[in-house]
2 protein chains.
Amino acid sequence: MLSERQMMILRAVVRDFTNSGVPVGSKALAKQLPIHVSSATIRNEMAALEEQGLIRKTHSSSGRIPSVEGYRYYVDHLVKPDPLRPNDLNMIQSALGGDFHKIDEIISQSATILSNLTSYTAFTLKPELKDSRLSGFRLVPLGRRQVMAILVTDSGDVENQTFDVNETVTGEQLEAVVRLINDQLVGLTLPEVLKKLQTDIPVKIASYLQSPEGFLDIFGNVLTKAAQERFYVGGRLNLLNFAEDGDVDSLKSLYSLIDKTDDIADVLGQPRDNISVQIGNEMTNDALRHYSLITATYDVDQHGQGMIAILGPTRMPYSRMIGIVGAFREELAKKLLDYYRYYDE
Amino acid sequence: MLSERQMMILRAVVRDFTNSGVPVGSKALAKQLPIHVSSATIRNEMAALEEQGLIRKTHSSSGRIPSVEGYRYYVDHLVKPDPLRPNDLNMIQSALGGDFHKIDEIISQSATILSNLTSYTAFTLKPELKDSRLSGFRLVPLGRRQVMAILVTDSGDVENQTFDVNETVTGEQLEAVVRLINDQLVGLTLPEVLKKLQTDIPVKIASYLQSPEGFLDIFGNVLTKAAQERFYVGGRLNLLNFAEDGDVDSLKSLYSLIDKTDDIADVLGQPRDNISVQIGNEMTNDALRHYSLITATYDVDQHGQGMIAILGPTRMPYSRMIGIVGAFREELAKKLLDYYRYYDE
DNA sequence: CTTAGCACTTAATAACTTTGAGTGCTAAAA
DNA sequence: TTTTAGCACTCAAAGTTATTAAGTGCTAAG
């Protein structure tokens with residue numbers, strides 16, 4: 001229900017405010033807009049926009065800033081992603097250009113690039129593991145009491161952990177367990193494995209060992225570790241730039257949120273569109289009230305779908321940021337396709 | 001060259017200022033000190049202390065605060081470590097009381113305890129690895145191209161890393177290399193191994209492989225990783241409490257220092273006495289100018305010497321902190337002795 | 001050597017003024 | 001009916017000016 005002119009004004013308010021951080025007044029707009037109307041006309045339109053809850057004043061005689069709803073309208077209807085600057089594209093390509101030997105290196109590097117590009121905090125997740133399959137399990141005796149458990153998936157992920165074992169267990173028993181797991185479970189997806197681990201397997205393993213719990217624990221542990229969505233964070237320290245002075249507490253809870261979370265979905269939410277923007281209190285988490293989150297998915301064909309995100313102040317230049325995230329998701333997908341093409345062949 | 005009375009005054013200035021954060025005036029001291037003299041007398045003594053550079057004013061008519069030299073004198077000659085509060089001792093013992101299966105868990109847990117106890121940032125290093133010996137090396141093939149290298153030391157540390165290998169290398173060749181390393185190097189200390197790796201080994205390995213570099217790299221990599229002093233940090237976020245408002249830059253460089261350092265000696269310095277205090281600009285690093293560092297060593301008999309440290313504002317209650325660190329080093333040593341006793345037997 | 005007394009300094013706080021950017025409203029012009 | 005010039009009004013920010021309270025150094029007497 002906005003007139004063309006109102007949209008134009010809303011767009012300008014968002015653009016100006018995200019650039020300058022200062023509330024935007026009618027006179028400045030009148031001067032700047034392509035149409036020729038007086039500041040009084042602009043004032044009338046602004047009053048209408050305020051009526052609809054899209055912009056607001058910081059005090060009774062101040063200029064206007066966008067409300068959360070205003071940002072939302074802007075992002076949904078008005079924003080036009082900035083094309084990537086040539087410099088930025090160069091920087092992405094050279095940073096991803098190297099020779100990587102693990103997916104995790106690419107994903108972790110991506111978090112760094114993205115945070116450098118935006119000067120915000122960036123998150124990256126590798127293509128989800130739900131579809132990856134168990135391709136091998138090893139138990140390697142290390143000393144009298146220690147054993148290392150290693151789990152390999154067909155997507156090339158390796159997870160390992162060392163354990164203490166009871167000395168009464170013999171080497172043959174260990175081997176029997178490993179054989180059982182490899183026979184019965186290799187080729188299944190990780191969630192399937194996790195399920196079988198609670199049903200079939202305990203029964204079967206009981207014939208080899210009188211007390212199978214320990215081994216199920218070991219295997220279960222490594223499995224859980226492998227199935228967990230691990231994520232990388234770049235530019236943590238950039239959060240310091242946007243904290244209002246003295247607001248140490250909210251900074252702390254923000255960092256705790258990032259560092260202690262082990263289910264990243266709590267923070268990023270479920271993947272939705274290619275690119276999605278969550279603004280301020282649209283996010284359930286209170287620590288994020290003054291921040292916005294731009295998330296994007298990326299597709300690596302049969303290898304699944306991953307996710308990238310940037311977290312910055314609500315007052316961020318959305319058009320530029322959406323442009324960067326949009327370009328990056330494509331570059332990253334390309335890079336990963338290359339990587340897999342080389343590894344699968 | 002300080003009179004008893006001057007010492008008494010200096011001690012009181014440090015104590016008051018570290019408690020309150022407010023410069024200490026002559027009147028307050030006169031009221032509080034056990035001797036009966038007027039504030040004018042105190043003023044004369046304070047002038048003398050200032051003459052010697054031990055205390056200073058923040059402006060021409062302010063009370064006094066300790067200078068770095070004043071803190072130094074206090075720490076060297078006047079401080080009396082506070083005995084541990086019963087609560088604190090309980091908390092240490094219950095937090096260390098659990099059943100740990102890796103040294104690293106104990107050391108990492110220690111960093112958390114120490115930071116909770118002090119509300120500063122804590123660092124912990126495990127007993128140094130220089131004396132630990134190589135006790136085994138494995139290469140585990142994981143898939144067509146990946147191999148995991150595992151290195152075990154006699155102190156129970158396990159280090160591992162996965163590598164890509166060239167497909168032209170055969171399993172027998174891998175085994176030969178592993179055998180060579182285990183025959184020639186097991187039982188040596190890590191620095192000795194590192195040395196041989198640059199002299200004897202390349203020659204010997206050359207008879208098995210036409211291009212041994214790759215394998216030396218793999219082994220060398222894991223070895224370096226294992227030989228590196230790794231450290232744990234607790235209470236990172238506590239640094240936020242002490243940053244002066246708006247001083248984001250120095251906070252950033254502080255965090256970079258902590259996070260990016262891979263030689264912790266750069267920050268903590270070489271271990272010296274049982275307990276040592278470094279104050280403000282006594283440390284070479286500029287980012288630490290407004291902080292003090294209390295480091296302490298702990299001895300675990302033949303298993304070597306480790307280190308703990310806390311980092312807080314120059315204006316910290318030294319007597320209490322020294323008390324805590326002193327008690328903690330002993331509790332930790334005890335706990336580790338227990339741990340080794342169980343594991344060695 | 002100690003101390004009461006006093007003049008002086010300074011940061012912090014509060015109280016007041018000024019300025020400038022901005023608003024809403026009214027009445028005339030388009 | 002929409003636009004606009006004009007004007008009274010509001011408020012945050014910045015700048016002034018007083019006021020206060022804690023502290024100092026110094027002097028001269030105890």
Side-chain angles (χ1 to χ4, degrees), chain A residues 1-10 12-17 19-67 70 244-246 315, chain B residues 1-10 12-17 19-67 70 244-246 315:
Chain A
M1 282 104 300
L2 295 191
S3 69
E4 278 301 319
R5 196 164 66 182
Q6 287 170 340
M7 290 187 192
M8 179 186 285
I9 291 175
L10 177 57
V13 169
V14 172
R15 191 160 26 72
D16 271 29
F17 179 67
N19 282 334
S20 70
V22 174
V24 187
S26 55
K27 217 146 122 197
L29 285 181
K31 211 173 282 171
Q32 173 201 141
L33 288 180
I35 53 175
H36 265 288
V37 286
S38 75
S39 65
T41 308
I42 304 269
R43 274 204 290 287
N44 290 334
E45 296 286 37
M46 285 171 107
L49 286 170
E50 185 168 18
E51 186 80 18
Q52 303 194 44
L54 298 175
I55 59 181
R56 61 191 180 84
K57 305 187 223 173
T58 59
H59 62 84
S60 78
S61 72
S62 79
R64 303 307 208 294
I65 66 174
S67 65
E244 350 217 322
D245 271 3
R315 191 213 115 195
Chain B
M1 283 107 300
L2 295 191
S3 70
E4 278 301 320
R5 196 166 66 183
Q6 287 170 339
M7 289 186 194
M8 178 185 287
I9 291 174
L10 177 56
V13 169
V14 173
R15 192 160 25 75
D16 272 30
F17 180 66
N19 282 333
S20 70
V22 173
V24 186
S26 55
K27 217 145 121 197
L29 285 180
K31 212 172 284 173
Q32 169 199 145
L33 287 180
I35 53 176
H36 266 288
V37 288
S38 74
S39 66
T41 307
I42 305 269
R43 275 204 287 287
N44 290 333
E45 295 287 38
M46 285 172 107
L49 286 170
E50 185 167 20
E51 187 80 16
Q52 302 193 47
L54 299 174
I55 58 180
R56 62 192 179 83
K57 304 186 223 172
T58 59
H59 61 85
S60 79
S61 72
S62 79
R64 305 304 209 296
I65 67 175
S67 66
E244 351 215 323
D245 271 4
R315 190 215 116 194

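Order of the sequence lines fixes the chain letters, A, B, ..., with proteins taken first and strands second; residue numbering starts at 1 for each chain.
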Novice: So does B:Thr58 get a backbone contact from the side chain of B:Ser62, meaning a donor-acceptor N/O pair under 3.5 Å?
Specialist: yes
Novice: Provide the full list of side-chain hydrogen bond (donor to acceptor under 3.5 Å, both in side chains) pairs with a residue in residues 19-29 of chain A, sequence neighbours left out, each pair given once.
Specialist: A:Ser26-A:Arg43
Novice: What's the separation between atom CD1 in B:Ile9 and atom CG in B:Asp16, rounded to the nearest 0.5 Å?
Specialist: 12.0 Å
Novice: Rounded to the nearest Å, what distance is computed from the CD1 atom of residue B:Ile65 to the P atom of nucleotide C:dA11?
Specialist: 14 Å
Novice: For the pair made of CD1 in B:Ile9 and P in C:dT2, what is the distance, rounded to whole Å?
Specialist: 10 Å
Novice: Is the shortest side-chain heavy-atom distance between B:Ser39 and B:Lys31 below 4.5 Å?
Specialist: no
Novice: Report each atom pair, protein N/O against N/O of nucleotides 26-30 of chain C, whose distance is under 3.5 angstrom.
Specialist:
none

Novice: Please state whether the phosphate of C:dT2, meaning OP1 or OP2, lies under 4.0 angstrom from any side-chain nitrogen or oxygen of B:Ser38.
Specialist: no
Novice: Give me the atom names and distance for the closest heavy-atom approach of B:Phe17 to B:Pro66.
Specialist: CD2-CD, 3.6 Å
Novice: For residues 44-53 of chain B, run the donor-acceptor check on the side chains, cut-off 3.5 Å, and write out each pair with its distance to 0.1 Å, sequence neighbours left out.
Specialist:
unit_1: B:Glu45; atom_1: OE1; unit_2: B:Gln6; atom_2: NE2; d: 3.2
unit_1: B:Glu45; atom_1: OE2; unit_2: B:Arg5; atom_2: NE; d: 2.7
unit_1: B:Glu45; atom_1: OE2; unit_2: B:Arg5; atom_2: NH2; d: 2.9
unit_1: B:Glu50; atom_1: OE1; unit_2: B:Arg64; atom_2: NE; d: 3.1
unit_1: B:Glu50; atom_1: OE1; unit_2: B:Arg64; atom_2: NH2; d: 2.8

Novice: Can you sort out which residues in residues 19-26 of chain A have a heavy atom within less than 4.0 Å of DNA chain D? Ascending by number, please.
Specialist: none
Novice: Apply side chain to side chain contact (heavy atoms under 4.5 Å, CB included) to B:Ser61 and list each qualifying residue two or more places apart in sequence or on a separate chain.
Specialist: B:His59
Novice: Can you pull out the residues from residues 43-64 of chain B that lie within a 4.0 Å heavy-atom distance of DNA chain C?
Specialist: B:Arg43, B:Asn44, B:His59, B:Ser60, B:Ser61
Novice: Partners of B:Arg56 by salt bridge (charged side-chain N to carboxylate O under 4.0 Å, His left out), sequence neighbours excluded?
Specialist: none
Novice: Round to a whole Å and report the spacing from NZ of B:Lys27 to C1' of C:dT3.
Specialist: 14 Å
Novice: Taking any atom closer than 4.0 angstrom to a non-hydrogen atom of chain A, what span of DNA chain D does the protein reach, first nucleotide to last?
Specialist: D:dT3 to D:dA12
Novice: Are the side chains of B:Ile55 and B:Ile65 in touch, meaning some heavy atoms are under 4.5 Å apart?
Specialist: no
Novice: With the side chain counted from C-beta on, respond yes when A:Ile42 and A:Leu33 share a heavy-atom pair under 4.5 Å apart, and no when they do not.
Specialist: yes
Novice: Find the distance between CD (B:Glu4) and CD1 (B:Ile35) and round it off to the nearest 0.5 Å.
Specialist: 10.5 Å
Novice: Just to verify, what does B:Ala28 make a side chain to side chain contact (heavy atoms under 4.5 Å, CB included) with, not counting sequence neighbours?
Specialist: none
